[in-house]
Amino acid sequence: KVDDISPTIRAISLEADNTKKYNFKSGQWVDFFIPGEPQVGGFSMWNSPEHFSQTDIIELAIKFSRWPPAHWIHTKCQVGDPVQVKFGGEFYYPPNDLAQEEHNVLLIAGGVGINPLLSIWLHARHLHENKDSGRPNSVKLLYSAVSEEELVFRDLIEKTSQENEHFHHSLFVTRSAAKSNVLSGRIGCEHIKGALENLKG
């Protein structure tokens, strides 16, 4: 599946031939190998490990650029094109030393950097839905983009906050006037400090 989800961001769904049942951890990325393209791409998944284990679908959202892998996705990629991927990355949630400790999670995302943090957000939601002993007490997301059109996955984020009292978010736009439930300007120290204080209770 290939779909433009904002003026600059294209989402693609990859159906993996995953006979060995590999999986990733929320926050990790894939090395992205395009036939005939020497430059290897690197893109973070936005879906959760649970979603991948159930569907073998890898969800990516890539911002337009002249960097060859991203440019190929925006200008040449079509449904059915074969690619190869390899999971990687040392940034993931929960880290091994935190899995069973009481904790809160603060996520700060800018632009397309929402991808790995949305994967963490969705994984934490899964832990709560299943009352997992390793679930966080609370999760707060601060998410900024240049305009409301670029706040991709906003509906999914808002739905999670509405349905689960342990999840909260604040949205920011930096280059256009803010409207409904969105703040104008960049994420500042005062926003981060306030989020941390709220997480402490």
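Ser48 and His123 are not linked by any side-chain donor-acceptor pair at a separation below 3.5 angstrom, with hydrogens and angles left out of the test. In summary, the side chains of His71 and Arg66 do present a donor paired with an acceptor at a separation below 3.5 Å, with no hydrogens or angles considered.
For Glu37, the CD atom counts as densely surrounded, since its 6.0 Å shell holds more than 12 non-hydrogen atoms of other residues, nucleotides or ligands. Atom CD of Glu158 sits in a crowded spot, with more than 12 heavy atoms from other residues, nucleotides or ligands closer than 6.0 Å. Gln39 CD: more than 12 foreign heavy atoms inside a 6.0 Å radius.
In this structure, the side chains of Leu60 and Val30 come closer than 4.5 Å at one or more pairs of heavy atoms. Using a 4.5 Å cut-off on side-chain heavy atoms (C-beta onward), Glu102 and Asn137 make contact. Side-chain contact check for Ile57 versus His51: some heavy-atom pair is nearer than 4.5 Å. Two residues are said to be in side-chain contact when any heavy atoms from C-beta on lie closer than 4.5 Å; Tyr93 and Pro95 meet this criterion. For the pair Phe172/His191, a side-chain contact is recorded, criterion being any heavy-atom separation below 4.5 Å from C-beta on. Within the 4.5 Å cutoff, the side chain of Ile157 has heavy atoms near those of the Leu118 side chain. Looking at Arg125 and Phe167, their side chains come closer than 4.5 Å, going by heavy atoms from C-beta outward. Taking the side chain as every heavy atom from C-beta outward, Leu199 and Lys140 approach each other to under 4.5 Å.
Residues Val139 and Leu122 share a hydrophobic cluster, clusters being chains of Ile/Leu/Val/Met/Phe/Trp/Tyr side chains in contact below 4.5 Å. Taking hydrophobic clusters as Ile, Leu, Val, Met, Phe, Trp and Tyr residues chained together by side-chain heavy-atom distances below 4.5 Å, Trp67 does not share a cluster with Phe64. Both Met45 and Ile34 are part of a single hydrophobic cluster, where members link through side-chain heavy atoms under 4.5 Å apart. Criterion: ILVMFWY side-chain heavy atoms under 4.5 Å apart, direct or through other members. Under it, Ile73 and Ile9 are not part of a common hydrophobic cluster. Both Ile5 and Val182 belong to a single network of hydrophobic side chains, linked directly or stepwise wherever heavy atoms of I, L, V, M, F, W or Y lie under 4.5 Å apart.
Here the shortest heavy-atom pairing between Lys159 and Glu163 reads NZ-OE2, 2.7 Å. Heavy atoms only, all atoms of each residue included: Pro38 and Gly36 are closest at CD-O, 3.7 Å. In plain terms, the two heavy atoms of Gly27 and Ser119 that are nearest each other are N-OG, 3.7 Å. Nearest heavy-atom pair, Trp29 versus Asp31, reported as atom, atom and distance to 0.1 Å: NE1-OD1, 3.5 Å. A pairwise comparison of heavy atoms in Ile187 and Ala109 identifies CD1-O, 4.0 Å as the closest pair. In terms of heavy atoms, Lys76 sits closest to Asp81 at O-OD2, 3.7 Å.
Judged by distance alone, the side chain of Asp132 and the main-chain N or O of Gly134 form a donor-acceptor pair under 3.5 Å. Panel note: side chain Asn23, backbone Pro49; a donor-acceptor pair is recorded below 3.5 Å.
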Report task. Apply the test side-chain contact (heavy atoms from CB on, under 4.5 Å) to residues Ile120 and Leu107: give CA-CA distance (whole Å), side-chain angles for both, the deciding distance (0.1 Å), then the verdict. Result -> CA-CA 9 Å; Ile120 291 172; Leu107 304 170; 3.9 Å; yes
Requested in this report: Please report the C-alpha distance between Trp46 and Phe24 in whole Å, then the side-chain angles of each, then the deciding distance to 0.1 Å, and finally whether the ring-ring contact (aromatic ring centres under 6.0 Å, His included) criterion is met.
Outcome: CA-CA 11 Å; Trp46 67 258; Phe24 60 87; over 10 Å; no
**Report entry** Worked verdict on Val2 versus Cys77 for side-chain contact (heavy atoms from CB on, under 4.5 Å)
**Finding:** CA-CA 8 Å; Val2 179; Cys77 177; 4.1 Å; yes
**Report entry** Working for side-chain contact (heavy atoms from CB on, under 4.5 Å), residues Lys25 and Phe87
**Finding:** CA-CA 9 Å; Lys25 297 179 180 179; Phe87 296 133; over 6 Å; no
Query - side-chain contact (heavy atoms from CB on, under 4.5 Å) assessment of His128 paired with Asn164 - result: CA-CA 9 Å; His128 265 274; Asn164 193 315; 3.6 Å; yes
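Under the 4.5 angstrom side-chain criterion for Ile, Leu, Val, Met, Phe, Trp and Tyr, the cluster partners of Val40 are Phe33.
Note that CG of Asn115 and CZ of Phe43 are 10.0 Å apart. Values are rounded to the nearest 0.5 Å. The distance from atom OG of Ser170 to atom CG of Leu183, rounded to the nearest 0.5 Å, is 6.0 Å. How far CD1 of Ile114 is from CD1 of Ile108: 11.5 Å, rounded to the nearest 0.5 Å. Distance check, rounded to the nearest 0.5 Å: CZ of Arg175 to OG of Ser184 gives 14.0 Å. The OG atom of Ser26 sits 14.0 Å away from the CZ atom of Phe52 when rounded to the nearest 0.5 Å. We find the CG-CD1 distance between Leu106 and Ile192 to be 7.0 Å, quoted to the nearest 0.5 Å.
For Ser6, the side chain to side chain donor-acceptor pair (under 3.5 Å) partners at least two apart in sequence or on another chain are Glu150. Among residues two or more places apart in sequence or in another chain, the side chain to side chain donor-acceptor pair (under 3.5 Å) test is passed with Lys21 by Asp56.
Tested against Ser161, the residues His169, His166, His168 include a single side-chain hydrogen bond (donor to acceptor under 3.5 Å, both in side chains) partner, His169.
The pair Glu148-Arg154 counts as a salt bridge, with a side-chain nitrogen and a carboxylate oxygen less than 4.0 angstrom apart.
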